[in-house]
Amino acid sequence: MRGGAWLSLLLVGCAAAGVAEPFIVSPEQCEVPRVALRLEFEPPLLVPGELRCAHECGERRLVRTGCTSVALMLPEGPVALVLLANGRRYELALRVAATMEPVVWSLDH
């Protein structure tokens, strides 16, 4: 099975099973400690979205979100986030730190 077909099959399987946990898209995973990051969407999404995370260490993740928030475990450092939801694309860049409070992501813009 080709790589693209395998990934598509995995995405469909995860969505059907209701899996909310992130999975690794990049072949390697950063070998560093991880910290919890909670993103809260304001206003809430109409339906769950798809969050793409690109960390500076090279790790890439694809995560299915809830309508109000998503919880992630990421290495410390810069991360670029792309949320596909409500028929739109939202982008956010931030620096993950061990002492972070939940991040409220304003989607009104």
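Without hydrogens or angle criteria, His55 side chain to Arg61 main chain gives no donor-acceptor distance under 3.5 Å. The closest donor-acceptor contact from the side chain of Glu76 to the backbone of Ala98 lies under 3.5 Å.
Leu84 belongs to a hydrophobic cluster whose remaining members, ordered by chain and number, are Val82; membership requires side-chain heavy atoms of ILVMFWY residues under 4.5 Å apart, directly or through intermediates.
Across every non-hydrogen atom of Ala85 and Gly49, the tightest pair is CB-CA, 4.0 Å. Contact record, Asp108 with Pro43: OD1-CD, 3.1 Å, taken as the closest heavy-atom pair. Heavy atoms only, all atoms of each residue included: Pro44 and Thr68 are closest at CB-CG2, 4.0 Å. Closest approach of Leu46 and Asn86 over heavy atoms only: N-OD1, 3.0 Å. Across all non-hydrogen atoms, the minimal contact from Ala97 to Val35 is O-CG2, 4.0 Å.
Expressed to the nearest 0.5 Å, how far CZ of Arg64 lies from CG of Leu51 amounts to 12.0 Å. Taking OG of Ser69 as the reference point, atom CZ of Phe41 lies at 7.0 Å (rounded to 0.5 Å). A distance of 5.5 Å separates SG of Cys53 from CG of Leu74, quoted to the nearest 0.5 Å.
Arg95 meets the side-chain hydrogen bond (donor to acceptor under 3.5 Å, both in side chains) test with no other residue; sequence neighbours excluded.
Taking the six-membered ring where tryptophan is involved, the planes of Trp105 and Tyr90 are perpendicular, since the angle between them exceeds 60° and thus also 30°.
By the 4.5 Å heavy-atom criterion applied to side chains, Pro78 and Leu94 are not counted as neighbours. Side-chain contact between Leu62 and Glu50: present, with at least one pair of heavy atoms (C-beta onward) separated by less than 4.5 Å.
Checking each of Thr65, Val70, Leu92 against Leu83 for a side-chain contact (heavy atoms from CB on, under 4.5 Å) leaves exactly one that passes, namely Thr65.
Cluster membership for Val79 and Val103, using ILVMFWY side-chain heavy atoms within less than 4.5 angstrom, is shared.
A salt bridge links Glu59 with Arg34: the distance from a Lys NZ or Arg NE/NH1/NH2 to an Asp or Glu carboxylate oxygen falls below 4.0 Å.
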